[in-house]
Amino acid sequence: MENTDIANLFSTIADLLEISGDNPFRIRSYRNGARTIEGLPYSLISVVERDEAGLEEIPGIGKGLHEKIVEILKTGKCSLYDELLKKLPPTLLDLLDIPGLGPKKIKVLYEGAGIKTMDALEKAAKEGRLRAFPGMGEKSEANILLSIEAVRKRSGRSNISKALAKAEALVGYIKGIPGVTRAIHAGSLRRWKETIGDIDILVACADALEVMEKFVTHPEVERVLAKGETKSSALFANHLQVDVRVIDEKSFGAALQYFTGSREHNVALRLRAKKRGLKISEYGVFSEKDGSRVAGKEEADIYKAIGLPCIVPQLREGRGEIEAAESMKLPDLIQPNQIRGDLHMHTTWSDGRDSIEEMAEEAMKRGYEYIAITDHSRAVGIAHGLNEERLLKQMEEIDRVNDRIRKTASPFTLLKGSEVDIMADGTLDLDHSVLEKLDFVIGAIHSGFTMTEKEMTDRIIKGISTGLINVIAHPTGRLINRREPYAVNLKKVFDAAKEHGTAMEINSHPYRLDLKDIHCRQAVESGLYVSIATDSHNRKQMENIIYGINTAQRGWVEAESVINTKKPGDLREFLKRG
DNA sequence: GCCGTTTTCGGCCCGACTGTTTTCAGTCG
């Protein structure tokens with residue numbers, strides 16, 4: 001039972017309690033608990049093993065959730081969950097995915113007409129049987145049918161890179177509408193979350209109705225969900241929902257803060273405001289006494305009004321950032337200009353598209369001081385992975401390129417590296433004698449993803465224990481929305497990595513982001529170094545570094561934990577092996 | 001179910017939009 005499993009269980013319990021009409025605040029407690037657990041930088045198992053009482057030190061976990069966590073960890077079951085399932089069929093949870101349909105209506109439909117599946121709901125809507133229920137009419141039936149269709153086609157949350165591209169295009173479009181003075185995307189996208197449910201765009205303008213009209217008639221709009229004076233929503237291709245809100249200049253900062261979220265972060269801020277006799281809304285910070293405006297125009301002023309330094313969007317997840325801000329212990333987050341080089345990339349020697357020199361040129365354009373060339377090893381046959389012989393030849397080629405660069409009086413350096421496969425038995429794919437000649441070795445898993453957790457963990461630890469691996473590439477092997485991570489005990493991997501001076505990669509490809517945010521935090525809190533690298537297969541992909549940096553920021557990573565912020569000499573010192 | 005510089009009970013963030021309503025409940029973020 002990992003934290004994620006317990007968090008998912010609590011989240012499901014919250015949904016079931018909601019449908020059963022339970023106390024909304026009890027429901028919120030389970031939701032809060034789930035979020036908190038998901039974001040913890042350590043495993044609950046370790047807490048319970050050490051001292052059960054430690055659970056209640058975690059904010060949001062009280063007596064009730066404590067007992068349930070212990071029950072789940074000890075028995076693998078949760079009696080509350082089992083009881084709820086006796087009363088409510090789990091298929092009702094699917095119905096919560098239908099926009100416009102919430103727990104109250106689902107309960108009524110289930111109890112009144114025995115509707116418990118998406119198919120049954122569709123049938124009832126088509127037959128016009130839903131309009132018999134209070135608050136439902138023909139229009140509700142039509143909307144439910146449209147929404148069911150959308151849910152069936154939907155592929156889940158969008159990858160951040162897709163959402164960012166769409167958001168930037170739409171912000172450009174809106175800025176082109178006459179009278180618009182400001183437009184910016186907010187929401188989880190501004191927090192750089194790895195997947196995005198919908199895009200929020202805030203607009204300041206002279207004529208709100210004009211903006212709303214232009215937005216809902218955008219040529220790519222597939223369906224308008226709502227259109228009002230200050231808020232409109234529309235579905236775009238790939239079922240990406242976009243919400244546009246028009247905001248007064250004097251409230252813009254408050255709205256930006258509010259719509260950037262997360263919800264948990266905002267709830268905590270509002271609670272804090274309330275204790276100080278203030279009220280925060282998307283319109284500003286107001287005195288509860290006389291309703292006078294205290295702040296609103298700039299985002300930072302919202303935090304200032306409640307006695308906090310401004311917290312960057314990447315940290316606003318309700319994972320202890322407010323407490324850290326309060327005690328002036330916010331992390332000094334890694335910044336893009338602190339990255340001195342990229343330590344994972346491929347060239348035409350294996351499956352990359354560009355040559356060693358082309359990659360070097362691009363890196364120099366980016367202002368880097370070094371990069372590591374890390375082509376695949378022979379096990380990745382499909383990528384023309386290098387054997388020892390070809391790797392030795394490539395090293396000679398890199399020496400030649402380095403010589404040519406040195407003659408231009410550039411301080412730029414190429415490091416000779418390899419992304420060597422850690423084989424199923426934990427041995428490395430290339431002779432140690434050759435790997436020892438390299439400046440930089442990345443160890444990676446590219447096969448045998450279906451191993452058990454123990455097998456995979458042992459495999460990686462055995463690789464690390466060779467003492468030859470500087471960095472573990474994409475440590476969980478996941479592809480966002482495409483492939484689940486392989487089973488691995490990261491805690492044990494981190495321990496072994498610490499012992500052998502191995503760093504963890506934050507792979508910056510937007511479909512990897514591996515380590516992910518919370519794992520980054522676990523890694524640096526375990527005292528590990530990370531390498532923020534792009535795994536580029538062509539020049540252009542080097543720009544993906546921004547996704548890795550933001551993932552690191554979401555994981556509270558500071559520059560001192562990132563090996564590629566080191567000066568070339570310091571990096572070489574760090575890379576020296578045992 | 002959680003929590004406490006108005007504390008162990010009685011609160012718990014705030015507002016817009018829709019569809020069905022003659023004043024509002026449900027949903028969403």
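The basis for the numbers below is simple: all heavy atoms, side chains too, and nothing from hydrogens, waters or symmetry mates. Chain A is the first sequence line, chain B the second, and so forth, proteins listed ahead of strands; every chain is numbered from 1.
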Q: With sequence neighbours excluded, give me every side-chain hydrogen bond (donor to acceptor under 3.5 Å, both in side chains) pair touching residues 187-210 of chain A.
A: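 Only A:Arg157-A:Thr195, A:Arg190-A:Thr260, A:Arg190-A:Glu299, A:Arg191-A:Glu317, A:Trp192-A:Asn550, A:Glu194-A:Arg478, A:Asp200-A:Arg245, A:Glu210-A:Lys214 qualify under side-chain hydrogen bond (donor to acceptor under 3.5 Å, both in side chains).
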Q: For A:Glu220, check salt bridge (charged side-chain N to carboxylate O under 4.0 Å, His left out) against everything at least two apart and list the hits.
A: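 A:Glu220: salt bridge (charged side-chain N to carboxylate O under 4.0 Å, His left out) contacts with A:Lys166.
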Q: Which residues pass the ring pair (Phe, Tyr, Trp, His ring centres under 6.0 Å) test with A:Tyr303, not counting sequence neighbours?
A: A:His265
Q: Could you check which residues of residues 64-74 of chain A get a heavy atom under 4.0 Å from DNA chain B? Sort them by number, please.
A: A:Gly64, A:Leu65, A:Lys68
Q: For A:Ile61 and A:Arg28, take the nucleotide of DNA chain B holding the closest heavy atom to each; which residue's nucleotide lies nearer the 5' end?
A: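 Closer to the 5' end of DNA chain B: A:Ile61.
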Q: Looking across every strand, which nucleic acid part, if any, lies under 4.0 Å from A:Pro59 by heavy atom: base, sugar-phosphate, or nothing?
A: sugar-phosphate
Q: Under 4.0 Å from OP1 or OP2 of B:dG1: is there any side-chain N or O of A:Arg26 that close?
A: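 Checking A:Arg26 against B:dG1: at least one side-chain N or O falls below 4.0 Å of OP1 or OP2.
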Q: With sequence neighbours left out, write down each residue that passes ring pair (Phe, Tyr, Trp, His ring centres under 6.0 Å) with A:His66, or none if nothing qualifies.
A: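 A:His66 satisfies ring pair (Phe, Tyr, Trp, His ring centres under 6.0 Å) with no other residue.
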Q: Which parts of residues 303-328 of chain A get close to DNA chain B, meaning a heavy atom less than 4.0 angstrom away?
A: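 Output list: empty, so none.
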Q: In chain order, what residues pass the ring pair (Phe, Tyr, Trp, His ring centres under 6.0 Å) check against A:Tyr511, with sequence neighbours excluded?
A: none
Q: Is the shortest side-chain N/O distance from A:Lys275 to OP1 or OP2 of B:dT6 below 4.0 Å?
A: no
Q: When you measure only distances, ignoring hydrogens and angles, does the side chain of A:Asn23 come within 3.5 Å of the base of B:dG1 through a donor and an acceptor?
A: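 Yes, a donor-acceptor pair under 3.5 Å.
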Q: Verify whether the ring centers belonging to A:His509 and A:Tyr547 lie closer than 6.0 Å.
A: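 No, the ring of A:His509 stays outside the 6.0 Å limit from the ring of A:Tyr547, centre to centre.
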Q: Taking DNA chain B as the partner, which of residues 223-230 of chain A come within under 4.0 angstrom of it by heavy atom?
A: A:Ala226, A:Lys227, A:Gly228, A:Glu229, A:Thr230
Q: Checking salt bridge (charged side-chain N to carboxylate O under 4.0 Å, His left out) against A:Glu18, which of A:Arg31, A:Arg28, A:Arg26, A:Lys105 comes through?
A: A:Arg31
Q: Applying ring-ring contact (aromatic ring centres under 6.0 Å, His included) as the test, list every pair that has at least one member in residues 12-41 of chain A; sequence neighbours left out.
A: A:Phe10-A:Tyr30
Q: Scan for salt bridge (Lys or Arg N to Asp or Glu O under 4.0 Å) pairs involving residues 130-139 of chain A, sequence neighbours excluded, and state none if there are none.
A: A:Arg131-A:Glu141
Q: Under 4.0 Å, counting only non-hydrogen atoms across every strand here, what does A:Leu269 touch: a base, just sugar-phosphate, or nothing?
A: nothing
Q: Let me check something: any side-chain donor-acceptor pairs from residues 107-119 of chain A under 3.5 Å, sequence neighbours excluded? List them with distances.
A:
| unit_1 | atom_1 | unit_2 | atom_2 | d |
| --- | --- | --- | --- | --- |
| A:Thr117 | OG1 | A:Ala120 | N | 3.0 |
| A:Asp119 | OD1 | A:Arg152 | NH2 | 2.7 |

Q: What string of B, S and - do you get for nucleotides 19-29 of chain B, 5' to 3', if B is base contact, S is sugar-phosphate-only contact and - is no contact with any protein heavy atom under 4.0 Å?
A: SS-----SSSB
